[in-house]
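Reading through the structure tokens given below for one structure.
Numbers here are sequence positions counted from 1.
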Amino acid sequence: MYGAGKYPIGRGSGNYTAEVSATFYKEEYDAIQAVLPTGKRIQDIEPFDVIVMYEDQSGAIKKDIVRNVEFTGRGVEASQNDKTLAYEAELVCSHIDWNVVI
């Protein structure tokens, strides 16, 4: 928190908010939809965890787990001369476990 000057006068804490996003090619989105029971939408999938593994700058493998992910909708982004159609998935999650030991 800042007061009238340029230096902080305290610290605050609030609710934790985790955010997640994903982009799928149309073919990937259609493949997910195709394995769902008839009449179900991608938004009807039960919450699931997403494991993200990556190599950091030092070469160490890192693992994060995005918890309780749910699809809430989808957006389509297309531009002239695009060879593929991308869906920006609208997602929510409960929290993220960072740097999980492998």
Does R67 form a side chain to side chain contact (heavy atoms under 4.5 Å, CB included) with D97? I'd like the steps, not just the answer.
CA-CA 7 Å; R67 300 290 187 175; D97 291 333; 2.8 Å; yes
Validation row: N68, H95 side chains within 4.5 angstrom (heavy atoms)
yes
Polar side-chain atom of T72 near backbone of E90 as donor-acceptor pair, under 3.5 Å:
yes
Using the rule that Ile, Leu, Val, Met, Phe, Trp and Tyr join whenever any side-chain heavy atoms are under 4.5 Å apart, tell me whether W98 and V69 fall into a single cluster.
yes
Parallel, tilted or perpendicular: which describes the rings of F24 and F71, with under 30° parallel and over 60° perpendicular?
tilted
CD of E19 to CG of L91: how many Å apart, nearest 0.5 Å?
11.5 Å
Among pairs that include at least one residue of residues 30-40, which meet salt bridge (charged side-chain N to carboxylate O under 4.0 Å, His left out), considering only residues two or more places apart or in two chains?
K26-D30
Flag yes if I51 and I61 sit in one hydrophobic cluster, no otherwise; membership is Ile, Leu, Val, Met, Phe, Trp, Tyr, and two members link when side-chain heavy atoms are under 4.5 Å apart.
yes
Among residues at least two apart in sequence or on other chains, which ones pass side chain to side chain donor-acceptor pair (under 3.5 Å) with N99?
none
Just jot down the side chain to side chain donor-acceptor pair (under 3.5 Å) partners of Y16, sequence neighbours excluded, or say none.
none
Within this structure, what is the CD1-SG distance for the pair I65 and C93, rounded to the nearest 0.5 Å?
12.5 Å
Could you check if a side-chain atom of V52 sits within less than 4.5 angstrom of a side-chain atom of K63, using non-hydrogen atoms only?
no
CZ of R41 to CD1 of I32, rounded to nearest 0.5 Å, is 14.5 Å
Does any non-hydrogen side-chain atom of L36 lie less than 4.5 Å from one of I45?
yes
If you count the non-hydrogen atoms of other residues, nucleotides and ligands that lie under 6.0 Å from OH in Y25, is the total more than 12?
no
CD/Q33 to CD1/I42 distance, rounded to the nearest 0.5 angstrom?
6.0 Å
